[in-house]
Each structure stands twice: as structure tokens, then as C-alpha cells.
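Whatever order the structure lists ligands and atoms in, that order sets their numbers, starting from 1. Scope of the values below: all heavy atoms of this structure, side chains included, with no hydrogens, waters or symmetry mates.
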Amino acid sequence: MLCIEARSLSKSYGNVAAVDSIDLSVESGKIFGFLGPNGAGKTTTIKLLTTLIPSSGGTVNILGIDASKDPLAARKRIGVVLQQPSYEPTLTVEKSLEKYGMMWDVDSGTRRRRVEELLSAFDLQDIRKKKNDDISIGQRRRVQVAREFMHDMDLLFLDEPTVGLDPSARRGLLDYIRGKVRDGLTIFFTTHILEEAEYLCDEIAIINRGKIIAVDSPDELKNKFGREKTIKIRVGSVQNISDMLQGVGSYKISHDEGTVIVIHSADSEQVLVKILQVLNSNNIAVEDLSVVPTSLEEIFLTVVKNSDTGISGEP
Ligand SMILES: Nc1ncnc2c1ncn2[C@@H]1O[C@H](COP(=O)(O)OP(=O)(O)OP(=O)(O)O)[C@@H](O)[C@H]1O
Ligand SMILES: [Mg+2]
């Protein structure tokens with residue numbers, strides 16, 4: 001079942017098309033990652049999907065509800081953590097959670113149980129009695145994300161939830177999210193940390209200048225755009241290495257303590273065999289060798305650059 005279905009969704013600010021006729025389909029029970037450079041339209045899309053701002057065109061269906069016809073019914077079933085920090089300065093951490101639960105009409109028993117669960121899941125026990133004004137920025141972000149889990153929901157939008165979180169808090173949040181998804185929650189999530197998207201997401205869409213330029217699973221994105229691998233071979237100092245390597249494809253050679261040959265190739269196994277043969281027949285010993293798959297980060301940069309220069313997203 002589709003949890004989010006947007007068709008030709010658009011939002012313009014003056015003559016800026018912040019979101020330019022995008023289509024999105026997000027299946028229930030999945031984690032959908034929404035990536036793109038600054039100003040690409042991610043936050044605007046989240047605000048459109050959560051009915052926080054009116055669209056300039058297109059349709060949004062949330063959990064089977066036409067969001068333009070019945071925004072309140074849609075909002076009741078979703079949660080959203082916006083990019084913008086939001087907190088009540090004088091409330092303590094535990095009262096912030098408690099109050100959020102009250103706003104959502106969560107009964108007091110459930111509230112008490114959830115407050116304890118979240119204080120511990122988000123590592124907030126030690127600061128539970130502190131006011132939001134008196135805690136660190138990362139701790140405040142943790143409270144802002146944690147409080148959203150006070151209420152029941154079927155779909156949660158998270159706009160860069162891990163900004164400012166230390167590595168262990170970040171990993172804790174990602175794993176907490178995964179647990180909730182196992183229990184049936186659907187997540188729409190933006191981040192600039194591509195390892196995070198890769199770790200968490202079933203599907204990833206990349207947006208640039210208001211248009212979606214790629215949608216796929218992380219593995220498929222890698223398959224489509226990242227068959228290329230990087231081979232690095234270090235040998236001792238060799239003078240005429242360029243002559244020897246003629247015919248093995250394009251490579252780059254640098255010299256530091258020895259000679260480093262770097263080759264990007266979609267056909268890395270064969271290229272590697274060829275080079276090793278050449279080196280072997282010239283009695284050159286390999287000091288170090290690595291073959292690294294292209295990262296999601298490189299794919300992101302390639303896809304965005306291609307779309308900026310008008311080259312099609314597909315290879
Ligand atoms: N309220 C607004 N009024 C005018 N222009 C806006 C408004 N909000 C966003 N924009 C413009 O719309 C475009 C998309 O902005 P948006 O905030 O959606 O980007 P983003 O992908 O979330 O970026 P970031 O990674 O920096 O959070 C930008 O060009 C931005 O300047
Ligand atoms: Mg944003």
C-alpha cells in the first residue's frame with residue numbers, strides 16, 4: 001500500500017520553483033530518504049506533504065486521504081520534526097515530552113510510560129529536570145525528535161533529524177527509528193549524511209532545483225551509477241611505469257614515497273588482472289593494493305552535477 005502518493009506537486013515562491021512538479025510514491029512500512037543539495041526543495045516538499053503550506057499545484061494523498069480535501073484527517077495520523085529548532089525555553093526536558101503527549105490527547109498512563117521510554121532511548125535521563133534553555137544544542141535536538149514519538153502515528157517526517165547529534169546519539173536515533181519501522185511506522189527522512197541514508201533507507205530520491213533526478217534503492221543507485229570502482233596500487237619507485245601500463249585503460253600516477261597508480265574502472269577485475277600481469281612481467285613488487293566501490297556520496301555528486309549540466313540522470 002502507498003503511504004504517500006504525490007503527483008505533479010509544485011510550489012513556487014515568486015518566480016522560484018522551489019518544488020517543480022514532482023511525483024513521489026512511498027510504500028507503507030519503509031524508510032524513504034530524501035536527499036539533495038541546499039535549497040533543492042526538501043523542506044518545502046515536507047511542508048507540502050504535511051499540509052503545513054498550500055501547494056501551487058498537484059495532488060497529495062497521505063494514507064489514502066486526499067490531503068487537500070481533508071488536511072486535518074491526514075495530520076492526525078502523521079508526525080513531523082521540522083528542520084527549524086523548536087522548544088519551550090522554560091520547560092524541563094521531561095515536561096516537554098509530557099506536554100507534547102497531552103497536546104496529542106495521549107492518556108496519562110501511556111504518557112508516563114512513553115516519557116520514561118524516550119528519556120532512556122534518547123539518553124536524556126541525566127538532564128530530565130533541566131530546562132530546555134539550559135541544555136546543549138544537540139540535547140535540544142534530541143528532545144525535539146524524542147517528543148514526536150510521544151503520540152501514535154503511521155507516518156513520520158524527519159527533516160535532518162541528526163544535525164548536531166554526536167556519533168553515538170546519531171546511531172542511537174537511527175536504530176530507534178529502525179525499531180519503530182519494524183513495528184509498522186513509515187519514515188520520510190532527509191539528511192546530508194549519505195552513510196546515514198545508506199544505513200537506514202529502503203529507497204532514496206535525489207532532488208535538485210525542485211526536480212527529482214533519481215529514485216531507487218541504495219543498492220540500485222550504486223548499480224546504475226556506481227559500477228565503477230577505484231583501484232589503487234602502490235609499488236616502489238619506478239621510472240618508466242607509464243610506458244608499461246599503456247593499453248590498460250586510463251589511469252593516474254602520483255609519486256609520494258613510491259609510485260601510486262589510481263584507476264577508475266567499471267571493469268575493475270579485468271583491469272586489475274592486466275595491471276598485475278604487467279607489473280609481474282616487469283618484476284615490480286606490489287606494496288599495497290586496494291579496490292574500493294564507489295560510495296553513495298560520489299553517486300550523489302555525479303547525479304547532481306549531471307542534472308546541473310543537463311546530462312540525463314540515467315547513465
Ligand atoms: N518562505 C520562502 N519564501 C521564499 N523562498 C523560499 C521560502 N522557503 C524556501 N524558499 C526557497 O525555495 C527553495 C527550496 O528551499 P528548501 O528550504 O525547500 O530547500 P532544502 O532542500 O530544504 O535546503 P536545505 O538542505 O538547505 O535545508 C530555495 O531556493 C529557497 O530559497
Ligand atoms: Mg531543508
For atom [atom1] of [X], decide whether the heavy atoms of other residues, nucleotides or ligands shown that lie under 6.0 angstrom number more than 12.
| X | atom1 | answer |
| --- | --- | --- |
| Leu301 | CG | yes |
| Gln270 | CD | no |
| Met102 | CE | no |
| Lys222 | NZ | yes |
| Glu220 | CD | yes |

Does ligand 1 have an atom that lies less than 4.0 angstrom from a heavy atom of [X]?
| X | result |
| --- | --- |
| Pro37 | yes |
| Glu160 | yes |
| Lys47 | no |
| Gly41 | yes |

Thr190 near the Mg ion (ligand 2) via N/O/S, less than 2.8 Å: no

Heteroatom N/O/S of Gln83 within less than 2.8 Å of the Mg ion (ligand 2): yes

Under-4.0 Å heavy-atom contact between protein and atom 1 (N) of ligand 1: yes

Under-4.0 Å heavy-atom contact between protein and atom 4 (C) of ligand 1: yes

Backbone N/O of Glu5 and side chain of Asn61: donor-acceptor pair under 3.5 Å: no

Heavy-atom proximity to atom 26 (O) of ligand 1, best of Asn208, Thr191, Ile207, Asn38: Asn38

